[in-house]
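Accompanying notes for the structure given below.
The chains referred to below are lettered A, B, ... by the order of the sequence lines, with proteins before strands, and numbering in each begins at 1.
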Amino acid sequence: MALRVYNTLTRQKEPFQTVQPGRVGMYVCGPTVYKPSHVGHMVGPVIFDTVKRFLTYLGYQVTWVVNITDVDDKLIVEASKQNTTVSALAERVTADYCKNLERLGVTGIDHMPRATHYIGEIVGIIQGLIEKGYAYPAGGDVYFDISRDDDYGKLCNRDPEQLEAGARIEVSEKKRNPGDFALWKGAKPGEPQWDSPWGPGRPGWHIECSAMSMKLLGVTLDIHGGGLDLQFPHHENELAQSESFSDAPFVRYWMHNGLMRIEGEKVSKTREEEQKKKAILGVSEVLQKNEPETLRLLLLNTHYRSPIEYGENRLNEVRRSLEGFYRFFERYQRVTGNSFYELQAPTTRAQSPSRDLGETSPWFASWRSFVEHMEDDFNSGGAIGVLYELLNRLNRFADEKKIEAGGAAVDVEEFSRGVFVLRELSQILGLFREPPAAKCGGNDQLVAGLMQLLIDLRNEARKAKNFALGDQIRKRLAELNITLEDRPGGKTDWRLG
RNA sequence: GGCCCCUUAGCCAAGCGGUAAGGCAGCGGAUUGCAAAUCCGCCAUCCCCGGUUCAAAUCCGGGAGGGGCCUCCA
């Protein structure tokens with residue numbers, strides 16, 4: 001099988017072919033940095049991070065760009081509200097954004113260009129568009145003339161005529177057609193501004209993406225991603241201006257991710273207050289209260305084009321399902337003495353030992369099935385299902401071979417091969433990068449010592465058949481949210497929760 | 001009004017013409033002194049109505065319900 005990707009432009013899955021063999025240029029629309037991000041803002045980054053990981057696994061050299069919109073009306077308003085400058089506000093919010101991406105394991109972004117750093121390029125493109133007759137200056141602004149662009153609306157099936165009928169578009173006497181959009185906005189006094197042939201002003205919303213993607217990735221992008229809500233007008237307009245300027249196809253594959261919702265409704269700014277009552281929206285807060293990969297797994301569990309159901313319940317369910325993995329990793333460590341998290345698995349298929357395991361290996365089917373799911377338009381949900389199955393197979397293998405009670409060396413070896421497959425595959429999803437926050441009192445020597453003392457006392461009581469006392473110790477510990485687990489060999493482990 | 005999309009068990013969710021993955025919860029069993037953990041088993045005919053086909057959750061038509069976009073939005 002080979003990779004197939006759904007393209008919004010054609011509304012179907014297509015075989016994946018890049019402009020340059022072996023290389024992928026991927027551009028994903030990033031945030032306007034005027035407010036700390038909410039959970040919905042993390043959907044795209046996590047998904048496309050996974051897309052990059054998988055493409056890399058397939059052997060592609062991926063360059064991924066996420067833009068930062070650091071000048072715009074909302075920023076101007078918010079900055080004056082906070083009595084700070086637009087650039088200071090932008091820097092602060094950007095830092096918060098990046099910190100959260102890092103926690104979530106979004107590590108693959110190669111460039112994060114700021115719109116304000118590309119004013120020269122932006123002006124150049126606008127000038128080119130005017131020269132070619134696609135744009136016109138009007139009273140300090142510059143607009144793109146959609147009537148000059150034959151295939152305007154092709155991404156979203158928009159008919160320019162009907163844009164007028166819609167009549168919900170901002171009315172401006174400066175525009176020739178209601179659907180025309182600003183490439184350059186003349187500055188009002190006190191607003192951030194840059195010089196241009198049309199007077200001082202700032203770029204319109206869409207043009208920065210055309211300018212930065214072209215500069216960093218070339219005229220034709222392999223992948224352009226973003227939320228479904230950006231299809232129109234943002235991507236439609238990007239597409240129109242870019243192709244009008246370059247005369248080359250702008251994007252090979254348009255990928256749009258589904259939006260996050262709470263009780264069936266899109267997580268949005270307009271309903272923010274109402275939704276806050278139902279679930280935690282702020283990313284920083286969510287990640288403080290949850291293992292970051294809980295959110296990552298929640299996002300990846302649903303196919304990227306579908307809406308993602310979010311809420312406290314979902315978070316809890318996913319957390320519980322992760323516990324199974326965490327316990328297994330402890331089991332693996334008990335058996336081999338090695339940390340799962342420190343296993344060095346290859347990040348490309350070419351270097352993978354999994355593909356050579358062969359049909360007879362109990363782990364091979366999992367590996368193949370996982371890759372096939374991902375090759376089918378990045379079906380991470382299906383791939384995660386494979387991971388759970390693999391987990392189950394590994395536990396069963398360990399049970400059957402009695403691997404914890406001093407199993408045969410060959411079995412331990414076979415077991416380790418399977419664990420290695422799990423390491424390799426989970427890495428593609430960016431999961432299990434590091435151990436979850438301490439489940440056993442951290443490195444606290446005192447707690448560890450006291451726990452050992454209690455465990456020893458309980459085990460002595462049990463040996464003396466004084467189960468009442470033993471059970472009392474366990475019960476009292478349970479009241480403190482501590483669970484004891486007796487191992488076959490007579491050893492007892494403990495954990496929080 | 002226009003353009004998209006969705007509807008699978010209590011909840012989340014995969015499925016893309018060949019007879020329903022997986023997770024959470026629940027139930028029964030193995031194991032355990034009892035637990036915990038793990039394992040085994042059980043738990044849906046896919047919103048409704050027609051049609052195409054040897055065969056449809058999957059394709060077509062109609063209906064019902066839900067969502068997104070057309071205004072800032074990941």
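Regarding contacts with the backbone of rC39(B), a side-chain N or O of N392(A) is found under 4.0 angstrom from either OP1 or OP2. For rC12(B), neither phosphate oxygen OP1 nor OP2 lies less than 4.0 angstrom from any side-chain nitrogen or oxygen of R261(A). Proximity of K266(A) to the phosphate of rC69(B): a side-chain N or O atom is located under 4.0 Å from OP1 or OP2. Side-chain nitrogen and oxygen atoms of N395(A) include none within less than 4.0 Å of the OP1 or OP2 phosphate oxygen of rA37(B). R320(A) has a side-chain polar atom (N or O) that falls below the 4.0 Å cut-off from OP1 or OP2 of rA25(B). Between R396(A) and rC40(B) there is a side-chain N or O to OP1 or OP2 distance below 4.0 Å.
When both pairing distances are held under 3.5 Å, rA44(B) makes no Watson-Crick or G-U pair with any nucleotide shown. For rA64(B), the paired nucleotide is rU7(B), the pair qualifying as Watson-Crick or G-U wobble because both relevant distances are below 3.5 Å. Pairing for rA25(B) is absent, judged as Watson-Crick or G-U wobble with the two contacts each under 3.5 Å. In this structure, rU53(B) makes no Watson-Crick or G-U wobble pair, since no nucleotide meets both defining distances under 3.5 angstrom. Nucleotide rC72(B) is matched to nothing when pairs are restricted to Watson-Crick or G-U wobble geometry with both distances under 3.5 angstrom. Across all strands shown, rA36(B) forms no Watson-Crick or G-U wobble pair with both key distances under 3.5 Å.
Listed candidates were rG2(B), rG23(B), rU38(B). Nearest to the side chain of R314(A) is rG23(B). Counting only heavy atoms from C-beta on, T302(A) has its side chain closest to rA13(B) among rC16(B), rC4(B), rA13(B). Of the candidate nucleotides rC24(B), rG33(B), rG15(B), rC24(B) has the atom lying nearest to any side-chain atom of E317(A). Checked against rG15(B), rC69(B), rA36(B), the side chain of N379(A) finds its nearest nucleotide in rG15(B). Considering only the side chain of E389(A), rG22(B) comes nearest among rG22(B), rC69(B), rC34(B). Comparing rA36(B), rC70(B), rC34(B) by their nearest atom to the side chain of P233(A) picks out rC70(B). Distances were taken from every side-chain heavy atom of E309(A) (C-beta onward) to each of rA35(B), rA14(B), rC12(B); the shortest belongs to rC12(B). The side chain of Y388(A) sits closest to rG23(B) out of rG23(B), rC12(B), rC34(B). Checking rA35(B), rC16(B), rU38(B) against the side-chain heavy atoms of D399(A) singles out rU38(B) as nearest. Relative to the side chain of S306(A), the nucleotides rG33(B), rA14(B), rG68(B) differ in distance, and rA14(B) lies closest.
With respect to R202(A), the side-chain hydrogen bond (donor to acceptor under 3.5 Å, both in side chains) criterion is satisfied by exactly one of D73(A), D72(A), T116(A): D73(A). For the side-chain hydrogen bond (donor to acceptor under 3.5 Å, both in side chains) with R495(A), the qualifying choice from E323(A), E485(A), E330(A) is E485(A), the only one to do so.
Distance noted for atom P between rG62(B) and rC4(B): 14 Å (whole Å). One P atom belongs to rU8(B), the other to rU45(B), and the distance between them is 14 Å to the nearest Å. Comparing rU38(B) with rC48(B), their C1' atoms sit 44 Å apart, to the nearest whole Å. As rounded to the nearest Å, rC24(B) and rA13(B) have C1' atoms that lie 11 Å from one another. Taking the C1' atoms as reference points, rG23(B) lies 30 Å from rA64(B), given to the whole Å. Only the C1' atoms considered, rA20(B) is 8 Å distant from rA44(B), to the nearest whole Å. Across the P atoms, rG18(B) and rC59(B) are found 11 Å apart, a figure rounded to whole Å. For the P atoms, the distance from rA55(B) to rU19(B) is 15 Å, rounded to whole Å.
Between the P atom of rA13(B) and the CZ atom of F378(A) lies a distance of 21 Å, rounded to the nearest Å. With rounding to whole Å, R462(A) atom CZ is found 14 Å from rA36(B) atom P. In this structure, F397(A) places its CZ atom 14 Å from P of rC40(B), rounding to the nearest Å. Nucleotide rC4(B) holds its P atom 12 Å from the CD atom of E236(A), rounded to whole Å.
Where Q231(A) and I384(A) each meet RNA chain B at their nearest nucleotide, the meeting point lying more 5' is that of Q231(A). Map G258(A) and R393(A) each onto its nearest nucleotide of RNA chain B; the residue landing nearer the 5' end is R393(A).
Side-chain to base pairing of D471(A) with rG33(B): one donor and one acceptor N or O lie within less than 3.5 Å of each other. Not a single donor-acceptor pair, N or O on each side, falls under 3.5 Å between the base of rC16(B) and the side chain of D377(A). On a pure distance criterion of 3.5 Å, no polar donor-acceptor pair joins the side chain of R327(A) and the base of rA37(B). One N or O donor and one acceptor, one from the side chain of R158(A) and one from the base of rC69(B), sit under 3.5 Å apart. One can find a donor-acceptor pair under 3.5 Å joining the base of rC34(B) and the side-chain atoms of R474(A).
One side chain, R319(A) or N290(A), offers a donor N or O that lies under 3.5 Å from an acceptor on the other. No side-chain N or O of R417(A) forms a donor-acceptor pair with one of S354(A) less than 3.5 Å apart.
Across all strands, R271(A) comes closer than 4.0 Å only to sugar-phosphate atoms, never to a base (heavy-atom distances). K465(A) comes within 4.0 angstrom of nothing in the nucleic acid, heavy atoms only. Across all strands shown, G227(A) has heavy atoms under 4.0 Å from sugar-phosphate atoms exclusively, and none from any base. Contact annotation for L230(A): backbone-only contact, meaning every heavy-atom pair under 4.0 Å involves sugar-phosphate atoms and none involves a base. At the heavy-atom level, G30(A) lies under 4.0 Å from the strands shown only through sugar-phosphate atoms. Within the 4.0 angstrom heavy-atom criterion, no nucleotide atom of any strand lies near H234(A). Heavy atoms of G40(A) sit under 4.0 angstrom from at least one base atom. Among the protein residues, G226(A) comes within range of the sugar-phosphate backbone only, with heavy atoms under 4.0 Å from sugar or phosphate atoms but none that close to a base. If you check every strand for non-hydrogen atoms under 4.0 Å, M260(A) touches a base. If you check every strand for non-hydrogen atoms under 4.0 Å, V28(A) touches nothing.
Annotation for K154(A): atom NZ counts as buried by contact number, over 12 foreign heavy atoms lying within 6.0 Å. Annotation: Q333(A), atom CD; neighbour count of heavy atoms from other residues, nucleotides and ligands within 6.0 Å is above 12. Within 6.0 Å of CZ on R476(A) lie no more than 12 heavy atoms contributed by other residues, nucleotides or ligands. Within 6.0 Å of atom NZ in K401(A), 12 or fewer heavy atoms from other residues, nucleotides or ligands are found, so the atom counts as exposed in its surroundings.
A salt bridge does not link D141(A) to K175(A): none of the charged nitrogens lies less than 4.0 Å from a carboxylate oxygen.
Both tests do not hold together for K13(A) against Y6(A): distance to the six-membered ring centre under 6.0 Å, angle to the ring axis within 45°.
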